[in-house]
Structures are given as structure tokens and as C-alpha cells.
Amino acid sequence: MKILIIGSGGREHAIAYKLSQSESKPELFVAPGNAGMSTIATCVPLAVDNLEGLLSFAVLEKIDLTIVGPELPLVLGIVDLFEAEGLKIFGPKRYAAQFEGSKDFTKAFLQRHHIPTAKSETHVDLTSALEALSRFTYPLVIKADGLAAGKGVIIAATKSEAETALSEIMAQRIFGNSGSKVVIEAFLKGIEASILCFVDGETILPMSPAQDYKKAMDGDEGLNTGGMGTYSPSQIIDETLMYRIQNEILNPFISGIKKDDIDFKGILFVGIMIDGDEINVLEYNVRMGDPETEVTLCRMENDLLEVIDAVLEKRLVEVKLRWSEQSAVCVIMASGGYPAEYEKDKVISGLEAVPEDVMVYHCGTKLDAEANILTNGGRVLGITAKADTLDAARTLAYQGVSKIYFEKMSYRTDIARF
Ligand code: AMP
Ligand code: GLY
């Protein structure tokens with residue numbers, strides 16, 4: 001069996017690694033992939049938004065299943081395109097991918113189905129958006145409606161910051177066309193958690209929750225990033241809270257998509273804010289999180305391919321997810337400056353010295369002509385370890401980190417440290 005994974009980050013490396021352990025021993029291809037994946041999969045130099053190129057490759061190579069890692073191809077409609085050719089592909093179609101592709105689509109859905117979320121308004125012109133500011137208290141949150149490479153959310157502490165943000169997004173279009181519509185939203189305080197779920201349209205099956213550290217620096221200082229580290233299982237979400245999340249957030253998602261006749265198959269990532277007894281949905285994503293995937297899949301005991309097949313065949317109700325009792329920690333090593341400007345092409349050394357039981361997932365790397373592994377992105381490596389306790393997993397992951405070097409590297413030292 002041939003599987004094509006689309007993407008080039010730590011998430012896709014973790015998916016590829018997990019699939020490489022599948023009973024059915026699939027032959028793996030990844031587009032475009034990275035240096036780390038090249039040992040377990042064939043890397044195909046096709047960009048994630050080259051839908052026609054990916055389709056031609058899948059047809060030519062007789063790919064049996066395609067798994068889409070990042071949101072962009074989903075939002076562009078890769079699933080519709082592949083399915084129209086009769087190809088099997090894992091992920092939601094273009095219409096349903098709006099849960100990530102449009103903040104307004106999501107807010108309208110949440111409000112329509114009474115799923116708890118922050119109060120918000122959507123605006124398509126600057127004048128009415130500026131007028132709306134007087135109806136909110138500060139801080140408030142301004143979101144460009146469309147995809148903005150994880151950067152389209154601005155937290156404004158004052159009215160003048162909010163006015164500047166609105167004019168930058170809507171008039172100057174700092175996030176491009178994503179800013180033709182904005183969502184203005186009440187600020188929620190609390191602790192964030194990520195719930196990744198398999199969804200087949202009838203059943204929503206949450207995975208064991210992970211905690212992501214979004215800020216660039218220790219102590220949650222600095223800019224928001226794609227995620228600087230994760231651990232699993234979450235210490236924030238206990239059984240009681242999970243029960244509430246299932247009843248107040250996940251089940252209403254299924255009844256909502258059924259009522260609205262939205263066909264959703266794939267992954268739903270629910271970002272929630274927890275503040276005492278209050279739980280609110282911050283966002284939906286329509287793909288696995290990165291670096292949530294790294295710690296989640298390394299604790300999953302099911303054969304991932306069997307779960308994906310169950311989603312595609314709409315028999316998720318039959319699946320019971322099984323999780324290792326162990327804890328997992330992932331520490332992201334990033335290029336200095338990330339998430340703002342950073343340099344690439346730094347030689348990475350020390351990978352061979354990393355303890356054998358530590359997984360090094362590559363997030364942004366490439367090989368040069370001399371087979372050196374070079375940095376090729378903001379987030380470079382996800383050093384992941386699993387052990388009987390969270391403390392032991394953290395110690396082991398940081399042991400791995402300490403062996404690796406590249407110029408201007410940066411990482412948080414407080415992942416899974418309380
Ligand atoms: P989003 O893409 O909507 O998840 O926003 C990205 C990040 O911005 C979230 O992970 C939160 O850290 C933050 N954020 C988004 N909405 C809110 C909100 N209403 N209140 C506080 N923080 C928020
Ligand atoms: N780690 C957050 C995300 O993947 O969106």
C-alpha cells in the first residue's frame with residue numbers, strides 16, 4: 001500500500017513515523033518532506049499548495065491514500081479535487097475546511113449552535129469596524145478572517161492599539177486578502193488547551209489532550225508562535241473537565257454539522273480557553289496541531305492507519321482509542337528570532353549523540369549537497385521523549401536538546417515544568 005503525506009513539518013514527520021510502524025507496512029511518500037523524513041519516506045519536491053502537481057503525482061504513482069498535514073491545501077480544496085478523481089484522501093473538503101479558513105464562518109457556527117465562545121462581531125468595512133470598538137472592553141482581540149500563516153490575531157490593550165490594528169489589517173492589508181473581513185472578539189483569560197479529535201461526520205473521538213506552549217520565551221513571555229513545545233497527557237484537563245468538553249463542545253459540534261449539512265471527515269482541532277468553571281472555544285483547526293501531534297501520536301497505541309480507515313468508512317463509532325500510560329514531552333528548537341525574522345541554512349550538529357530513546361522530529365530542515373542537515377525554517381526540530389513520569393520525559397527530552405547545536409538556536413527551557 002502506498003501513502004502520500006502532504007507537508008514538511010514535525011507534524012508530518014510524526015505522522016510518517018507512526019505510519020511506518022503500522023501493521024500493513026505502507027510505502028511512504030511525503031511532499032515536500034524534509035531531511036528527517038527522508039530515512040522513512042520518499043520525499044517528493046512538490047509544494048503543499050501545488051494541488052494539480054500533487055494530484056498528478058498521486059495518479060501516476062497509484063497512491064492508495066493521501067493524508068493532508070497542513071491547513072492550506074485543505075482550505076484550497078485538495079480533498080474535493082482528489083475525491084473527484086476517485087482517490088482516497090484524509091481531511092475535510094473545502095467547504096468544511098472553512099472552520100479554519102474563515103474565523104467568521106466558525107464564529108457564526110458556534111453562535112448558531114450555542115457552543116460557548118467569546119462574544120464577537122464581524123465587519124467587512126473599516127468604518128463599521130472602528131465604530132464597533134466602543135461596544136467592547138479592553139483588551140480585545142482582532143482577527144483577520146482568513147488564513148494568515150498563524151499571524152492574523154492581534155490582542156489590543158487599548159482603543160488606539162485596536163484602531164491601528166484594524167487599519168493595518170483592513171486598509172493596509174498586512175495579512176493580504178485575509179483582512180477583507182475582521183472578527184472583533186472579547187478577550188478571554190485563562191489557560192489554553194488543544195483537543196485533537198477524529199471526526200467522521202457522525203462521531204467525534206477526542207485524542208488524549210496535549211498542552212502547547214505558544215509563547216516564544218520562558219514564562220510565557222514574547223510573541224505568539226506556532227508552538228514551542230508540548231506535553232501529553234494534559235494536567236489541566238481531568239476527567240470531569242473532559243466530560244464537560246465532550247458534552248458542551250464536542251457533541252454540539254456533531255449535531256451542528258448535521259443540522260447544517262456539513263460533511264466533515266478528518267481531524268478537528270478545538271482550541272479552548274479554560275478559566276475556572278468557564279470553558280470557551282477559541283478556534284477550530286481542521287488538521288493536527290504542531291507540536292501537539294509529536295506528543296500525541298507517540299502515546300497512541302492504536303494503528304493510526306486503522307483509525308484513518310474507520311474515519312473514511314464512517315465507522316469511527318467502533319473505534320476505541322488506546323493511550324500509553326507514559327507521558328511525552330516535545331521541546332521545539334527554533335531559529336533565533338523566530339517567530340519574527342530569522343536566518344536559515346545553519347548546519348545542525350550533534351544529532352548522532354541524542355539518546356536512542358529520544359525522537360528527533362524535523363520541523364524545518366533540509367539536506368545540502370554534502371549531506372549536511374541544515375536549518376530551513378523558524379521551527380527546526382522537535383525533540384520528543386516518552387517516559388513513566390512527566391518529569392522523566394522532560395529530563396530525557398532536554399538531554400536530547402543538550403546534544404544538538406546550530407548557530408543562533410533558541411528554545412524554551414520550561415516546557416512541562418511547573
Ligand atoms: P486563533 O487563531 O483564533 O486561535 O488565535 C490564536 C491565538 O490567539 C490563540 O491560541 C490564543 O492564544 C489567542 N486568542 C485568540 N482568541 C482569543 C481570545 N478571544 N481571548 C484571548 N486570547 C485569544
Ligand atoms: N500548535 C498549534 C497549532 O498547530 O495550531
Side-chain angles (χ1 to χ4, degrees), residues 7 9-12 14-15 69-72 74-75 98-107 109-111 116-122 136-157 162 165 169 175 178 182-196 207 209-216 220-232 234 267-275 278-297 330-332 334 338-339 361 363 378-379 382 412 415:
R11 165 182 50 212
E12 289 75 24
I15 292 172
E71 61 278 11
L72 182 59
L74 295 169
V75 170
Q98 287 181 92
F99 279 117
E100 181 157 4
S102 165
K103 307 271 185 208
D104 176 49
F105 180 90
T106 288
K107 291 302 286 193
F109 177 89
L110 292 167
Q111 281 153 9
T117 189
K119 171 190 137 181
S120 72
E121 290 184 21
T122 298
F136 286 83
T137 54
Y138 291 85
L140 62 69
V141 186
I142 296 176
K143 301 181 175 185
D145 180 61
L147 290 186
K151 291 188 180 153
V153 174
I154 294 178
I155 297 175
I169 295 174
F175 304 126
S178 300
V182 293
V183 171
I184 303 174
E185 188 174 289
F187 178 83
L188 297 170
K189 60 181 172 55
I191 301 173
E192 274 185 72
S194 322
I195 317 282
L196 276 59
M207 302 180 214
Q211 284 302 126
D212 183 19
Y213 290 70
K214 288 199 182 228
K215 297 282 184 185
D220 289 335
E221 300 283 338
L223 296 172
N224 244 336
T225 69
M228 293 299 289
T230 40
Y231 73 83
S232 172
S234 163
I267 301 288
L268 185 76
F269 167 137
V270 189
I272 59 173
M273 188 69 96
I274 304 161
D275 183 21
E278 251 196 65
I279 46 176
N280 279 290
V281 174
L282 281 177
E283 62 168 340
Y284 288 138
N285 295 317
V286 294
R287 36 101 193 149
M288 304 277 288
D290 196 350
E292 287 89 340
T293 304
E294 286 85 322
V295 287
T296 304
L297 291 188
C330 172
V331 179
I332 294 290
Y338 172 78
Y361 292 115
C363 308
R379 293 186 292 173
R412 282 183 62 155
I415 304 302

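In listed order, ligands and their atoms are each counted from 1.
Annotation for ligand 1: atoms under 4.0 Å from non-hydrogen atoms of Val141 are 16 (N), 17 (C), 18 (C), 19 (N), 20 (N). Numbered from 1 in the order shown, with element, the atoms of ligand 1 that lie under 4.0 Å from a heavy atom of Phe187 read 20 (N), 21 (C). The contact set between ligand 2 and Gly289, taken as ligand atoms under 4.0 Å from a residue heavy atom, comprises 4 (O). Interface atoms of ligand 1 facing Glu185, defined by a heavy-atom separation under 4.0 Å, are 16 (N), 17 (C), 18 (C), 19 (N). Near Asn285, with a cut-off below 4.0 Å to any heavy atom, the atoms of ligand 2 are 5 (O). Short contacts between ligand 2 and Asp212, defined as distances under 4.0 Å to a heavy atom of the residue, involve ligand atoms 1 (N), 2 (C).
Nearest protein heavy-atom neighbour of atom 2 (C) of ligand 2: Gly226 O, 3.2 Å.
The side-chain heavy atoms of Glu278 and Pro116, taken from C-beta on, include no pair separated by under 4.5 Å. With contacts defined as side-chain heavy-atom distances shorter than 4.5 Å, the pair Leu297/Tyr361 does not qualify. Using a 4.5 Å heavy-atom threshold, the side chains of Glu121 and Phe136 count as touching. No side-chain heavy atom of Ile332 sits under 4.5 Å from any side-chain heavy atom of Tyr213. Proximity of Asp145 to Thr122: side-chain heavy atoms (C-beta onward) are nowhere separated by under 4.5 Å. A 4.5 Å side-chain heavy-atom check between Glu292 and Met207 finds every atom pair outside the cut-off.
In this structure a side-chain-to-backbone donor-acceptor pair under 3.5 Å is missing from Ser234 to Gln211. A donor-acceptor pair is defined here as one N or O able to donate and one able to accept, closer than 3.5 Å; no such pair exists between the side chain of Arg287 and the backbone of Leu74.
Looking at Leu147, Leu282, Ile142, it is Leu282 that brings a heavy atom closest to atom 17 (C) of ligand 1. Counting heavy atoms only, Arg287 comes closest to atom 5 (O) of ligand 2 of the residues Glu292, Glu283, Arg287. Of the candidates Lys143, Lys215, Glu283, Lys143 brings a heavy atom nearest to atom 15 (C) of ligand 1. With distances taken over non-hydrogen atoms, the option nearest atom 21 (C) of ligand 1 out of Ile272, Val281, Leu188 is Leu188. Which of Lys214, Glu192, Lys119, Lys103 comes nearest to atom 2 (O) of ligand 1 through a heavy atom is settled by distance: it is Lys103.
Note: an N/O pair closer than 3.5 Å links Ala186 and ligand 1 by distance alone. Residue-to-ligand polar distances place Asp290 within reach of ligand 2: an N/O pair is separated by less than 3.5 Å. In terms of polar-atom proximity, defined here as any N/O pair under 3.5 Å, Arg11 makes no such contact with ligand 2.
With a heavy-atom cut-off of 4.0 Å, Thr230 does not touch ligand 2 at all.
Using a 3.5 Å distance cut-off with no hydrogens or angles, the side chains of Asp212 and Thr230 do not pair a donor with an acceptor.
Ion pairing between a basic and an acidic side chain is recognised when a charged N comes within 4.0 Å of a carboxylate O; Glu185 and Lys107 show such pairing.
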